Undergrad: 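Can you keep this structure in mind? I'll have questions shortly.
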Amino acid sequence: MRNQTIPRPHFYWRIHSTRKELQLNDPVYVRPKSVKEVGAVGRVVDTTAAAFNEPADVKRRCTNDRSLAKPNQNKTSDHRITVQVNGRLVSIYDVPSNNTTTILLTPDTANYRQLAVAHVRHGDKVLEIGCSTGICTSLVLRRMLLLSKENTNDAEAQSEAAAAAEKGDSFQYDGKIIAFDTGSDMMNQTQQALQTEFDNLSAHLPQHNKLSTMSSIHKIDAFADPKGAFSLSTQNNKYPDIVLIDIGGNRELEGVTRMIHWVQCTFLSNLPRVIIIKSKELVRELSPEPEDGSMHEAQSWLMNYLQNRNLSVELLNKPPVYAHPLQAPLVMSPEDDALPICRFHNYHKDGCKRFKNGNECELDHEYCHWCRIPGHVARNCPGT
Ligand SMILES: [Zn+2]
Ligand SMILES: [Zn+2]
């Protein structure tokens with residue numbers, strides 16, 4: 001059954017807040033002072049702000065935690081950095097877990113770019129939808145090149161990288177940015193921006209780094225050509241680790257919501273770790289929890305918004321129609337993998353009667369039985 005092979009998606013929606021006070025142990029990226037520095041990733045270990053109650057320009061310390069930079073590596077050095085200016089610290093939001101995708105929103109471009117850079121790890125594949133003139137693309141490439149350099153210091157890593165380069169898949173080692181835009185003038189500008197960035201750094205980089213294997217730019221509209229967009233972003237069988245979405249325009253909200261949904265459906269079998277979105281209008285629509293900027297209702301809101309406007313992406317695999325709901329296979333809730341998803345709720349035209357009559361059904365009514373994305377039932381599932 002195809003349901004058994006579908007992973008269990010968890011979408012964890014957050015709004016980035018620069019006003020949020022950083023707490024002890026928060027993961028952060030320290031923006032470097034020069035373009036040739038990679039910038040440290042670590043956790044806050046000291047906040048003098050609390051002690052002295054100074055709102056701005058406080059000293060903060062963080063460790064340089066390598067396990068955050070590369071999840072499989074457990075080297076944690078106790079290298080401490082004191083940061084004088086608050087603006088140099090960028091929160092890292094993604095949760096290192098196989099089935100959680102963090103959906104991170106910000107209304108403005110400056111924060112969008114910083115968040116994109118801060119979340120890149122060594123070897124990541126990044127899909128940027130709406131690269132425009134390539135400013136964000138170049139910043140991501142810079143970070144990839146510097147991470148590659150940092151990770152190619154020892155002999156073992158050097159031979160691993162060289163071997164990968166010989167096979168023509170050095171991006172598997174170094175990372176890769178794939179940029180989409182719909183305008184051809186944007187392609188040229190982005191290509192130029194990437195070339196400039198690469199040339200500026202090339203004297204300091206390992207020999208095997210090549211711009212052509214670490215980046216590709218495409219003029220494509222994912223809505224008009226969803227299959228083409230999928231195959232361009234999954235070449236060499238590697239799905240994106242990070243997806244960046246910045247598609248403004250006069251119907252921003254429609255475009256952004258459809259694109260988020262397209263990403264969720266298209267990469268469902270191997271979801272990105274984090275989706276970072278710049279959208280003033282989407283941020284205005286959603287109301288985050290004041291403590292941590294999380295939004296538990298956002299996924300349901302998204303599905304309802306798309307359904308009400310008939311904006312779902314046309315996708316191939318719709319759920320089957322069953323003569324009786326109990327003909328559908330038993331599928332468990334992604335929450336605990338133990339509680340069955342209510343099949344009447346998902347497949348009966350009247351839904352689950354017990355659930356409607358006041359919560360007496362103890363089965364799961366939150367997740368879709370077909371795609372396991374919360375917020376809709378299989379009968380209304382946009383497909384996978
Ligand atoms: Zn039920
Ligand atoms: Zn569904």
Side-chain angles (χ1 to χ4, degrees), residues 6-7 9 11 94 98-104 112-113 115-117 119-132 134-141 143-144 147 164 168-184 186-187 190-191 193-194 210-247 255-279 312-317 371 373 382-384:
I6 293 178
F11 297 112
D94 55 334
N98 286 334
N99 52 23
T100 299
T101 297
T102 301
I103 300 183
L104 185 55
Y112 171 73
R113 290 174 185 157
L115 289 167
V117 170
H119 284 80
V120 173
R121 293 180 189 162
H122 179 227
D124 271 352
K125 189 183 220 183
V126 178
L127 171 64
E128 185 188 19
I129 302 171
C131 62
S132 190
I135 297 172
C136 187
T137 328
S138 310
L139 292 171
V140 169
L141 176 76
R143 174 118 165 108
M144 283 179 168
L147 281 169
D169 60 354
S170 65
F171 71 88
Q172 297 273 21
Y173 185 84
D174 296 313
K176 180 167 187 167
I177 171 115
I178 298 160
F180 287 177
D181 209 292
T182 50
S184 26
M186 298 304 179
M187 306 290 98
T190 301
Q191 187 62 53
L194 289 178
K210 280 200 184 68
L211 182 59
S212 58
T213 50
M214 291 182 68
S215 68
S216 65
I217 308 163
H218 306 277
K219 180 178 185 299
I220 189 165
D221 177 351
F223 299 137
D225 183 7
K227 281 186 179 167
F230 171 74
S231 79
L232 287 171
S233 40
T234 55
Q235 269 169 8
N236 295 73
N237 245 340
K238 185 161 168 34
Y239 281 56
D241 301 286
I242 299 178
V243 176
L244 309 173
I245 301 175
D246 181 5
I247 43 167
V256 169
T257 48
R258 281 179 81 202
M259 194 57 84
I260 297 169
H261 185 227
W262 179 79
V263 169
Q264 289 179 337
C265 295
T266 306
F267 304 121
L268 190 63
S269 68
N270 214 332
L271 281 163
R273 197 171 66 231
V274 57
I275 303 171
I276 303 171
I277 299 143
K278 193 224 116 181
S279 171
S312 303
V313 184
E314 261 327 301
L315 291 152
L316 297 176
N317 297 305
C371 71
I373 293 175
T384 58

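Values reported hereafter were calculated over all heavy atoms of this structure, with side chains retained and with hydrogens, waters and symmetry mates removed. Here the structure is a predicted model, which means the values were calculated and not measured.
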Undergrad: Just how far is it from atom CD1 of I129 to atom CD1 of I245, taken to the nearest 0.5 Å?
TA: 5.0 Å
Undergrad: Just to verify, what does T190 make a side-chain hydrogen bond (donor to acceptor under 3.5 Å, both in side chains) with, not counting sequence neighbours?
TA: none
Undergrad: Sequence neighbours excluded, which residues qualify as side chain to side chain contact (heavy atoms under 4.5 Å, CB included) partners of S233?
TA: L127, F180, P240, F267
Undergrad: To the nearest 0.5 Å, what is the distance between CH2 on W262 and OG1 on T257?
TA: 15.0 Å
Undergrad: Considering all heavy atoms of both residues, which atom of G123 and which atom of D241 are nearest to each other, and what is their separation?
TA: O-OD2, 4.2 Å
Undergrad: Salt-bridge test for D124 and R143: reply yes if a basic N is under 4.0 Å from a carboxylate O, no otherwise.
TA: no
Undergrad: Is there a donor-acceptor pair under 3.5 Å between the side chain of N236 and the backbone N or O of K238?
TA: no
Undergrad: Taking side chain to side chain contact (heavy atoms under 4.5 Å, CB included) as the test, write out the residues that go with D246, two or more places apart.
TA: Y112, K278
Undergrad: Which heavy-atom pair separates A179 from T137 by the least distance, and what is that distance?
TA: CB-CG2, 4.0 Å
Undergrad: Would you say the side chain of L147 lies within less than 4.5 Å of the side chain of V120, judging by non-hydrogen atoms?
TA: yes
Undergrad: Taking the side chain as C-beta and beyond, is there a heavy-atom pair between I103 and V274 under 4.5 Å?
TA: no
Undergrad: If every non-hydrogen atom of G255 is compared with every non-hydrogen atom of I247, which pair is closest and at what distance?
TA: O-CD1, 3.4 Å
Undergrad: What I'd like to find out is whether the side chain of I217 reaches to under 4.5 Å of the side chain of L194, using heavy atoms alone.
TA: yes
Undergrad: Taking all heavy atoms of K219 and all of M187, pick out the closest pair and write down the distance.
TA: N-SD, 3.2 Å
Undergrad: Heavy atoms, side chains only, cut-off 4.5 Å: are V126 and I178 in contact?
TA: no
Undergrad: Quick check: do D174 and K210 have side-chain heavy atoms less than 4.5 Å from each other?
TA: no
Undergrad: Which heavy atom of H119 sits nearest to which heavy atom of L104, and what is that distance?
TA: CE1-CD2, 3.7 Å
Undergrad: If you round to the nearest 0.5 Å, how far is CD of E128 from CG of L139?
TA: 9.5 Å
Undergrad: Rounded to the nearest 0.5 Å, how far does CD1 of I275 lie from CD1 of I260?
TA: 7.5 Å
Undergrad: Heavy atoms, side chains only, cut-off 4.5 Å: are Y239 and K125 in contact?
TA: no
Undergrad: List for me each residue that meets side-chain hydrogen bond (donor to acceptor under 3.5 Å, both in side chains) alongside S216, sequence neighbours excluded, and say none if there are none.
TA: H218
Undergrad: Just so I know, are the side chains of T100 and F11 near enough to count as touching, which here means a heavy-atom distance under 4.5 Å?
TA: no
Undergrad: Within the 4.5 Å heavy-atom criterion, are T266 and P226 side-chain neighbours or not?
TA: no
Undergrad: Could you tell me whether a side-chain N or O of R273 sits under 3.5 Å from a main-chain N or O of V243, the two making a donor and an acceptor?
TA: no
Undergrad: Where do L244 and C136 come nearest, in terms of heavy atoms and distance?
TA: CD1-SG, 4.2 Å
Undergrad: Just jot down the side chain to side chain contact (heavy atoms under 4.5 Å, CB included) partners of S279, sequence neighbours excluded, or say none.
TA: E252, V256, I277, E281, L282
Undergrad: So does M186 get a backbone contact from the side chain of D181, meaning a donor-acceptor N/O pair under 3.5 Å?
TA: no
Undergrad: CG/L268 to OG1/T101 distance, rounded to the nearest 0.5 angstrom?
TA: 9.0 Å
